[in-house]
Each structure stands twice: as C-alpha cells, then as structure tokens.
Number of protein chains: 2
Amino acid sequence: MAKGTIKAASERADLLPLISEVFRSHGYEGATLALIGEATGLGKGSLYHFFPDGKAQMAAEVLAEIDHWFEVNIFAALRKSDDPVRAIAEMTAGVDRYFHSGHRVCLVGVIALGASRDIFAAQVQDYFSRWNDALALALRRAGFSAGVSRRRSADALLTIQGALVLARALDDAKVFGQAMADMKARLLAK
Amino acid sequence: MAKGTIKAASERADLLPLISEVFRSHGYEGATLALIGEATGLGKGSLYHFFPDGKAQMAAEVLAEIDHWFEVNIFAALRKSDDPVRAIAEMTAGVDRYFHSGHRVCLVGVIALGASRDIFAAQVQDYFSRWNDALALALRRAGFSAGVSRRRSADALLTIQGALVLARALDDAKVFGQAMADMKARLLAK
DNA sequence: GACTCTCTGTACCGATCGGTACAATCTTCC
DNA sequence: GGAAGATTGTACCGATCGGTACAGAGAGTC
C-alpha cells in the first residue's frame, strides 16, 4: 500500500469529505475516478462497493452532506433563534469558517455554473432557496418588511458566492473577508 | 454535410463566439473537441488548422476576445470618461446586455472556479484586476476616497459574479436584475 | 493546365474515461 | 475451524478523450 494517503478510510462517512474536496477542486467532470481513488486510498472495487451508482451517486451524497451541514449549522438557527441578530452573526461566522476565509470554494456554486448543473439542479436549487427562506425569515423576525427581507437575503447569498469567485480569481482572500464584513453590515442596516 | 449547423464559419473571427459558448456551457474540461466541432461545423482538421495548439489555444483566444470586448465596451469609458457617473451607468447597462440579463454565465468566472484555473490564472487575474482598477478610478474621479473607491469597486465585481451564480442556481434571472439595481445604487451612494 | 497554398475529412494514435466482473481476502459469528 | 458476508485489488470492457498524419479538395495565380 505505497499510496499517498495515511490509511484507507474504512468508514463510509469518512469518505465523503475526502471525495468532496476532489469535486471541489476539479469540478464534477474533472473529478475522475482515478483522482477520487487517490484521495481516498481506495480502489475502484471499494468505491463501487460503497457507491454502486458511481460518480453521480458520490456527488449527490457529497451535496447532501454539505446540505446537511448548512442545515444544522446555519439554517436551523436562522429559522428558530429568538435572537435573529445573533443568528445572523453566527451565520457569517459559520460561513467564514466553512469557506476557510475565502480559500475554499463553494461546491454547490461550482456545480451550479458547470455542465453538470442539469443533473443536480434540484439539489442545488433546494439548497439555495432553503438558505434564502431561512435568512429572510430571520430578517423578518428582526423587524424588516417581507420585501426588504427577501431582497437582503438574496443579496447576502450572492455576495458570498461572488466573493468566493473574485477571491479565487484575484488570488486574494482579503476580498472575501471584506465582502463578509460589508454583507453583515448591509443585512442589518437601518 | 448533414450537420446541425447552417454553414461552416469560414472566417476565423466568426469561430470564436461559437467556441466561446461551448466553453461557457460545458466548462473547459467539459468542452470536448467533438462538441466544438459540432458547434462550429468544422472537423478536427480545420480546427487544428486554425488553432494548432488545440483546446488550450482556443480557450486562451476566447478569453482574449472577451477581455477585448470588456476593454472596449466597459473599461475604456470607466478610465477616460469625464463623466464617471455616466460611465458607471453605461457599465451596468453593458454588463446587463452582455450577460443577457442573467441568462448567460461568465466564462471568466467559470474558469476561475474550475480546475483549469491554473492554466489561465494570469489571464483571469488580469481581466478582473483591470476592471477593478478602472472602476475604482472612475469612483475616485466621482469624488470618493481611494479606500472607498477600491472597496466599492470590488463589491460591484463580486456582486455581478455572485448574481450570475445565484440566478443560475435558482433558475431565476430576476435575481440578477435586482442585484444589478442594488449594485448601481450602492456604487454611487452618498 | 500545372503549380501553389489554404483548408478540410478521415483514419488513426495512445491514454484515459466511467463502469463491470470476479476471484481473493478479511471479518464476523457460530 | 468453517460458513457467510463484507471488502478489496486487478484485469478488463467499449467509448471517448485530445491530438497527429496525411491525402486530397478548393481557390487563386501564372
């Protein structure tokens, strides 16, 4: 086993984060089974044992896992918190953490832009619209009108996505930090 | 010649827009020579006659053409106009036109996010930083401080990119229109 | 008409793609 | 220990990838 990985990840759950990074940095079509095998330390035999439907299943499960992370760590608080201002502050902190302060790219965004979008359109749309709804709800509860809440919510989501694109394009993570600060201020502005 | 295309584009210059759309909708790795041949009505022989270095050259020339379009239609006015407010208004109008009101994706952004980013990093960075500089200059001339100008400029660029991502993810071009209106207001706000 | 140069279609190349088949192994439980 | 199931490596599949070779069509020039 002279592979680059320390140890084959035997648990199925341990596999997804590794596969996730391959999709993230190569896109759906660029993520070959060879790369995935290399990243996980697993051969095709094992990969197809865990994911009988192959690459499409891997991507779908990775997307589901990302969705779950945001659901638990971001959306839930936005929906249920009795302190919406704090929930929004936690959202920006969580987003900054998740995207490694702009060094990590958003897989859902990558897929939305790519050719594979059609295959995962439903999952992608669901992810963003549930985020959008949760954030708008928090803004409503913070006292803003329905229209303002929805407008600001979409603005925040698109700011995050755009900041990731521009930070990567300019190879300058400071762009992301500045954008997050601006976004936060804009969300709760009088 | 039972191809789907009306007529083979004989002029080299006519080829680039067709190839551009293939890269746009399939990404760099997803844009196969078969697809490019189909879109242009040209076989490999012709393709490699016009672009001896193959796919990478095609993408580089497409990027150069996009760069040139923005240089002429957007950046130049931003830099030289004696009416910066009008130049900025023209920029948002031009951007809206270019991206078909949010229905068309930004190829430079797509490449920035993809695995092919490394190959075209210099071109991608140059495109965005020249836009950034030109817009910041216009804002300075409109009376804003250097810091505010640069901050607003980056914000505008990232808003455009994010709006394109979110509009496509939600399959809702209205998101783009709203974001452009917000961006314009924010650029020139007191 | 023959020479040139541009342009094109087609056959082909080795490499790699996603996916399958399957025998060998490792676990687990009795 | 031995049966049963989970897990694995490897060989292999047809298709397609980007790219090359090259013969010949087409157009212009003398």
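Naming: A, B, ... by sequence-line order, numbering from 1 per chain.
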### Query
Between A/Gly45 and A/Glu29, who's closer to the 5' end of DNA chain C by nearest nucleotide?
A/Glu29

### Message
Just to be sure I understand the rule, does B/Ala56 reach a base, reach only the sugar-phosphate, or reach nothing, if contact means heavy atoms closer than 4.0 Å?
### Response
nothing

### Message
Any side-chain N or O of B/Thr32 below 4.0 angstrom from OP1/OP2 of D/dT16?
### Response
no

### Query
Once you round it to whole Å, what is the distance between C1' of C/dG18 and NE2 of A/His26?
17 Å

### Task
Spell out, as yes or no, whether a donor-acceptor pair under 3.5 Å connects the side chain of A/Lys55 to the backbone of A/Tyr28.
yes

### Query
Atom CZ of A/Arg12 to atom C1' of D/dT7: distance rounded to whole Å?
14 Å

### Message
I'd like to know if A/Arg186 and A/Asp155 make a salt bridge, using a cut-off of under 4.0 Å between side-chain N and carboxylate O.
### Response
yes

### Message
Strictly below 4.0 Å, N to O, side chains only: are A/Arg130 and A/Asp67 in salt-bridge contact?
### Response
yes

### Message
Between C1' on C/dG18 and CD1 on A/Ile36, what's the gap in Å once rounded to a whole number?
### Response
10 Å

### Query
So A/Phe176 and A/Phe99, would you call those rings parallel, tilted or perpendicular, with 30° and 60° as cut-offs?
perpendicular

### Query
On DNA chain D, nearest-nucleotide positions of A/His49 versus A/Lys44: which is more 5'?
A/His49

#### Entry: Least distance between heavy atoms, B/Ile160 atom then B/Met183 atom
CG1-SD, 3.7 Å

### Message
Heavy atoms from C-beta onward define the side chain here; which of D/dT20, D/dC17, D/dG9 lies closest to that of B/Ala34?
### Response
D/dC17

#### Entry: Integer-rounded Å distance: D/dA6 C1' and A/Leu47 CG
16 Å

### d(NZ, A/Lys55; P, C/dG19) in whole Å
8 Å

### Query
Given atom CZ of A/Phe50 and atom P of D/dG9, what is their separation to the nearest angstrom?
11 Å

### Task
Can you tell me the distance, in whole Å, between the CZ atom of A/Phe51 and the C1' atom of C/dG19?
16 Å

#### Entry: Length of the line joining B/Leu33:CG and C/dG9:P, which is rounded to integer Å
15 Å

### Query
A/Gly54 near the nucleic acid: base, sugar-phosphate alone, or nothing, with a heavy-atom cut-off under 4.0 Å?
sugar-phosphate

